[in-house]
Amino acid sequence: MAAPLVLALGGSLLRPEEAERLAWLSSLANLLSECEVSIGIVVGGGVAAREAIELATRRGENDLAALDEIGITATRVNASIVSQILLDAGIDVFAGIPTDVASAAQSLDEHSVVVMGGTRPGHTTDNVAIRLAIEAKAARCLIATNVGYVYSSDPKVDSAARPIESMTLSELQGIVGPPVHGKAGGSSVIDPIGVQAAIDNNLPLAVLDGREMDRIEDALAGKPFVGTRVEVG
Ligand code: UTP
């Protein structure tokens, strides 16, 4: 059987305020029902994680691991939503939300799709997806987020930021910085801890705008896609 693929879905893709959310979830289900390889999906916490972490911080919680646990809970809620939609669409999804990558990889041997959220404090779901890809011997890990590319610098603050179509893992590390977990709910284009894991295990990545389902479709099919290819090196 072909090697599985792993797809990280940034929690921002499930924003409750986004009117198109149900349509987006149904197109995801359509896409996955036609996919010929098994797929591990790792869902982020998005607005639910950010709001809950912010509220706990304002109430005085300053233990990073405790705040991370709040974020993990949000990722699992979002993972349950995605899992249920795919089950309802008749897809062979593992019925449960694994809490570690080893058991998720094992379930991926037996099912077409496995959906999970976070695992333990100290990183984000990007790192979980990359770890799952390594464990499941996936050919590539796709990171679907709400920006089109990895940029040379933060486009929100630098108008000269340039989108990058192809780069190496070491170049990506130069942009995201050293592998440290700064704060709960903190956001870089990809978790630097995951980038380090990809470097250590020679795992290529793809970063793309997950709001555009055709980009996910192309990347899953191994075709050229709009986004950033991150190759080993
Ligand atoms: P996310 O994966 O959504 O991270 O997890 P993020 O980078 O903050 O959000 P996106 O990628 O921009 O959507 C939310 C938070 O949950 C905790 C971290 O605090 C993370 O920031 N978390 C998540 C963990 O501690 N461990 C995990 O395995 C997953």
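Counting convention: from 1, in listed order, for ligands and their atoms alike.
- Each of the atoms 19 (O), 21 (O) of ligand 1 lies under 4.0 Å from some heavy atom of A184.
- Taking every heavy atom of G118 and a limit of under 4.0 angstrom, the matching atoms of ligand 1 come to 27 (C), 28 (O), 29 (C).
- D68 places no side-chain N or O within 3.5 Å of a backbone atom of P121 that could act as its donor or acceptor partner.
- Checked by atom type, the side-chain pair D100/S103 shows a donor-acceptor distance below 3.5 Å.
- Looking at V43, D68, D191, L14 and measuring to atom 18 (C) of ligand 1, the nearest heavy atom belongs to D68.
- Under 4.0 Å from ligand 1, not a single heavy atom of E69 appears.
- For ligand 1, the atoms lying closer than 4.0 Å to a non-hydrogen atom of I72 are 16 (O), 22 (N), 23 (C), 24 (C), 25 (O), 26 (N), 27 (C), 29 (C).
- If you number the atoms of ligand 1 from 1 as listed, the ones under 4.0 Å from a heavy atom of G11 come out as 13 (O).
- Taking 4.5 Å as the limit, some side-chain heavy atom of V150 sits within range of a side-chain heavy atom of I175.
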* Go through L13 and W24 one step at a time and tell me if the side-chain contact (heavy atoms from CB on, under 4.5 Å) criterion holds. => CA-CA 9 Å; L13 298 171; W24 182 85; 3.8 Å; yes

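- At a heavy-atom cutoff of 4.0 Å, ligand 1 is contacted by no atom of I70, backbone or side chain.
- Listed by number with element, the atoms of ligand 1 under 4.0 Å from a non-hydrogen atom of G44 are 3 (O).
- With respect to E217 and R215, no salt bridge is recorded, no charged nitrogen being found less than 4.0 Å from a carboxylate O.
- Listed by number with element, the atoms of ligand 1 under 4.0 angstrom from any heavy atom of G122 are 25 (O).
- Side chains of D200 and Q196: a donor-acceptor N/O pair is present below 3.5 angstrom, by distance only.
- Electrostatic pairing of R59 and E54 does not count as a salt bridge here, judged by no charged N lying under 4.0 Å from a carboxylate O.
- Distances between N or O atoms of G10 and those of ligand 1 include no value under 3.5 Å.
- The atoms of ligand 1 that sit less than 4.0 Å from any heavy atom of V128 are 28 (O).
- Contact atoms of ligand 1 toward P121: 25 (O) (distance under 4.0 Å to a heavy atom of the residue).
- Between V180 and I193, the closest side-chain pair of non-hydrogen atoms is not below 4.5 Å.
- Not one N or O of H181 is nearer than 3.5 Å to an N or O of ligand 1, by distance alone.
- Between the S170 side chain and the G233 main chain, a donor and an acceptor come within less than 3.5 Å of each other.
- Proximity of T119 to ligand 1, defined as any heavy-atom pair under 4.0 Å, is shared by backbone and side chain alike.
- The shortest N or O to N or O distance between S12 and ligand 1 is not below 3.5 Å.
- For a threshold of 3.5 Å applied to N or O pairs, the pair formed by R50 and ligand 1 contains no separation below that value.
- The shortest distance between side-chain heavy atoms of H111 and V93 does not fall below 4.5 Å.
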